[in-house]
Undergrad: 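Before anything else, here's the structure in question.
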Amino acid sequence: MIDIQLIGLFNATLQAATLLFIAALGELITEKSGILNLGVEGMISVGAVTGFMTAVNTENIFLAVLVGVLSSSAFASIHALVTVVLKQDQTVSGLILTILGLALSSLLGKNYVGKKLVTKLEGVTSVTDPSSILEVLISQNIIFYLAVLLMFITSFVLKHTMFGRRLEAVGEDSRSSDSMGLKVAKTQFIATCVGGAFAGLSGVYLTLSYVPYWTDNMTSGRGWIALALVIFGGWKPYRTALGALLFGFLEALVPRLQTYGFELSPYIVKITPYVITILVLVILTIYKGGKTGAPKNIGVPFFRENR
Amino acid sequence: MNNLKLFKRQSINELSTFYSFLIGFVIAIFIGSIILLVQDKNPIDTFSLMLRLSVGSINSLSSSLNKAIPLILAGLGISIMNSVKLWNIGAEGQIFLGAIAVNYLYINTQFNSPTLHIFVLLIAGFAGGSLCILIPAITKVVFGVNEIITTLLTNYIVFGITIFLINGPWKDPKSLNFPAAAYVGEEVFLPTIFGKLSLGFLICILFTALAHYLKNKSVFGFEMRIAGGSALTAVYAGINARQKAFIAMLIGGGFAGLAGAIELLSQTHRVSTGISQGFGYTAIIVAAITGMRPLGIFLVGCLFGALSIGGSVIQTIGVSAYISDIIQASTLFGALIIQFFFTYQIKKVEND
């Protein structure tokens, strides 16, 4: 018989990890194409609020997920337009996407603060109170299994399909890719929108299952942790998942520390994931000695010189 | 067959950033109007009300300029760091730590001269901001850790520390419902110059000139540009690029910390979560939109300060204050789009 608290911790770890992982996986795809999108926080927020609003108004949970994913993807296309088509600074555009996304979602969600969901994302099986590791694993909701599936699919697509190889080529050396006839702009545009869709999925997971309600700035820095996860995972899906589990574990552990007998101020405990993220980034950078696995052309706008 | 092709312009109009900003602002007002129309509000009425309540009287104008102070100072800090091609996303946390440092020094020291006291507290604010960026600065120059993520994460850390302090050690028992530290004494309030405008605005003008000199006229500014440009050139020129980056980061953080000190001593008079209302993030827009030019940051900071005041007062007629955030962010997106047309030329080319 395993401690019931440990089961709860495991369950909470999986859920927190799912949220971080989906957003990180999306950003990984975007960055593979050489586009850095710092707007993850804003995109998650847009997906979260539009999904929540749809769920409240229609009580149709699948429509809500779809709306969240699509609106976040459409929102990401602003970044694609500004950086891919118009070749402007990716750092600036991404940051503003975060600011705009947070403001826009607060504006949209103004009348939805405090509203309750009639239908939320339920687990796929009827187990509501898991008492073993296995029951935890089979009682998650559909987005968790989708996240696991997306991990395998993304890894496969990146390694073994034409689209994946094109993506990698464009991100590593857009000039050569262009002279070989690859459509650089099209590939980058698609990758950015896919990244937005993933962030949107993470957002609807937040408001339809993880929390589940809507309040301003409820993403509380998860988008930024997702960005750190991509670096942590060395731009590889499986390692990113491992990182998400680690960070999910920390997020789940923090509110439980006191029950294990640690006398710490809850306010100080809350900042530990951010401190640990910085520590992990430092250790990782020292360990890898600069070879982080980042796509070579990341952040560099591609412009074909016409002569 | 004719084809459209993209050409980089030979020369870019010197005022292109300014024109892009203007057109971007018009686009943003247009977007704001659509949002207002959707909410059944008359845009012309709403915007004229915003204008009247933000610059229409001495009182409202001075409130707007007070609001501009943190935006300008944090924006200047961001622009100094940009000289070495580094991003400071941590201005929000630096503002808070600046205020915390001021309060710490206020609690633990005694001064006979109020003028000297205020002066020392302002320096403490600057130091607090520098302290806040110390860890990102060390990890950047020693290990090469991406400063965008580390400076951003420090925001959450410092905000957590603030919440801890005002709910714990610094909690004012007299403040029941709203957790905050005790008020500082009136002897350290920053004096006002006219209306409600605080002396902080003069400090702001001084620091704008200082940042302009530092970036564009001083030897250090020249060295920063080389250090941020090419590692190889820096080596040939005998410039220690890491050292310049380190100093630029500490100065950049200090500017934002000073903003926190001024907020505490002239506006909130105590440490609370109200020390900054996202000033550090808005400052990023202000700095980026001006192409990191100190004089531009000063002007756009004043405009955005007025926008924020306008945004907060129209809440009384049921319009969300976020409308001003959206206008600010849309201005930058609009400006980026226009900037494209100043940098590139689309020509019809005959295919051969």
Side-chain angles (χ1 to χ4, degrees), chain A residues 36 38 41-42 78-79 81-83 85-89 91-108 110 216-217 220-221 224-225 227-228 231 265-275 277-279 281-286 289-290 292 294 303-306, chain B residues 5-8 35 39 87 89 135-136 138-139 142-146 148-150 152-168 278 281-282 284-285 287-289 320-333 335-341 343-344 347 349:
Chain A
L36 174 71
L38 297 178
E41 182 89 353
I78 301 178
H79 185 67
L81 172 75
V82 170
T83 62
V85 181
L86 303 179
K87 304 174 199 323
Q88 299 297 309
D89 190 294
T91 310
V92 174
S93 173
L95 283 171
I96 307 314
L97 202 70
T98 285
I99 295 174
L100 185 66
L102 291 176
L104 202 64
S105 48
S106 294
L107 184 85
L108 287 170
K110 202 178 75 166
D216 283 4
N217 298 328
S220 57
W224 295 101
I225 293 189
L227 275 158
I231 303 176
S265 161
Y267 306 110
I268 292 299
V269 167
K270 258 190 187 160
I271 65 176
T272 46
Y274 306 111
V275 176
T277 309
I278 294 181
L279 278 177
L281 283 180
V282 172
I283 294 167
L284 214 67
T285 318
I286 298 171
T292 53
F303 168 65
R304 184 200 289 154
E305 293 283 348
N306 291 295
Chain B
K5 275 196 172 175
L6 212 55
F7 290 87
K8 215 163 198 161
I35 294 174
Q39 297 185 323
W87 278 97
I89 318 299
I135 287 172
I138 292 173
T139 54
V142 179
F143 306 118
V145 179
N146 184 327
I148 294 178
I149 293 179
T150 51
L152 185 282
L153 291 173
T154 53
N155 289 344
Y156 291 95
I157 295 171
V158 174
F159 195 72
I161 293 172
T162 311
I163 303 271
F164 165 71
L165 287 172
I166 60 179
N167 280 289
Y281 299 108
T282 311
I284 299 169
I285 306 186
I289 216 165
S320 168
Y322 287 105
I323 194 92
S324 49
D325 283 16
I326 291 175
I327 290 177
Q328 288 163 355
S330 308
T331 304
L332 182 45
F333 267 130
L336 286 178
I337 293 170
I338 302 304
Q339 190 66 43
F340 166 79
F341 294 100
T343 326
Y344 297 95
K347 276 188 193 162
V349 186

Undergrad: Could you tell me the separation between the CD1 atom of A/Ile278 and the CD1 atom of B/Ile157, rounded to the nearest 0.5 Å?
TA: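 Reported to 0.5 Å precision, the distance equals 4.0 Å.
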Undergrad: Can you see which heavy atom on B/Gln39 is nearest to which on A/Leu107, and at what distance?
TA: NE2-CD1, 4.1 Å
Undergrad: Counting only heavy atoms closer than 4.5 Å, note whether B/Thr139 contacts chain A via side chain, backbone, both or neither.
TA: side chain
Undergrad: Show, in sequence, the C-alpha distance, side-chain angles and deciding distance for A/Asp216 and B/Tyr322, and conclude whether the side chain to side chain contact (heavy atoms under 4.5 Å, CB included) test is met.
TA: CA-CA 11 Å; A/Asp216 283 4; B/Tyr322 287 105; 2.9 Å; yes
Undergrad: Please classify the contact between B/Ile148 and chain A as side chain, backbone, both or neither, with a heavy-atom cut-off of under 4.5 Å.
TA: side chain
Undergrad: Examine whether an atom of A/Leu97 lies under 4.5 Å from a heavy atom of chain B, and if so say whether it belongs to the side chain, the backbone or both; otherwise answer neither.
TA: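 The answer is both parts of A/Leu97.
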Undergrad: Heavy-atom cut-off 4.5 Å, strictly under: side chain, backbone, both or neither for B/Ile149 against chain A?
TA: side chain
Undergrad: Is B/Ile284 in contact with chain A via its backbone, its side chain, both, or neither, using a 4.5 Å heavy-atom distance?
TA: side chain
Undergrad: Non-hydrogen atoms of chain B under 4.5 Å away: do they reach the side chain of A/Val82, the backbone, both or neither?
TA: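 For A/Val82, side-chain heavy atoms alone lie under 4.5 Å from chain B.
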Undergrad: Counting heavy-atom pairs closer than 4.5 Å to chain B, which one of A/Thr91, A/Ile271, A/Val85, A/Ile96 comes out on top?
TA: A/Ile96
Undergrad: Of the backbone (N, CA, C, O) and the side chain (C-beta and beyond), which part of B/Tyr344 lies under 4.5 Å from a heavy atom of chain A, both, or neither?
TA: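 Contact with chain A is through the side chain of B/Tyr344 alone.
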Undergrad: Quick one: of B/Phe159, B/Tyr281, B/Trp87, who has the most non-hydrogen atom pairs under 4.5 Å with chain A?
TA: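 Greatest number of close heavy-atom pairs with chain A: B/Trp87.
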Undergrad: Working to the nearest 0.5 angstrom, can you tell me the gap between B/Thr150 OG1 and A/Leu279 CG?
TA: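 The OG1 atom of B/Thr150 sits 12.0 Å away from the CG atom of A/Leu279.
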Undergrad: Which one, A/Ile99, A/Ile225, A/Thr272, leads in non-hydrogen pairs under 4.5 Å with chain B?
TA: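 Answer, by heavy-atom pair count under 4.5 Å with chain B: A/Ile99.
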Undergrad: Based on non-hydrogen pairs under 4.5 Å, which of B/Leu332, B/Ile326, B/Asp325, B/Asn155 is most in contact with chain A?
TA: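 Among B/Leu332, B/Ile326, B/Asp325, B/Asn155, the one with the most close pairs to chain A is B/Ile326.
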Undergrad: Relative to chain B, which segment of A/Leu100 carries a heavy atom at a distance below 4.5 Å: side chain, backbone, both, or neither?
TA: both
Undergrad: Which heavy atom of B/Leu152 sits nearest to which heavy atom of A/Trp224, and what is that distance?
TA: CD1-CG, 3.0 Å
Undergrad: Atom CZ in B/Phe340, atom CD in A/Gln88: separation rounded to 0.5 Å?
TA: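 Separation between the atoms: 8.0 Å.
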Undergrad: Determine whether a donor-acceptor pair (N or O, by modelled atom type, separation under 3.5 Å) exists between the side chain of B/Tyr156 and the backbone of A/Gly221.
TA: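 Between the backbone of A/Gly221 and the side chain of B/Tyr156 there is a qualifying donor-acceptor contact (under 3.5 Å).
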Undergrad: Heavy-atom distance under 4.5 Å to chain A: side chain of B/Leu336, backbone, both or neither?
TA: both
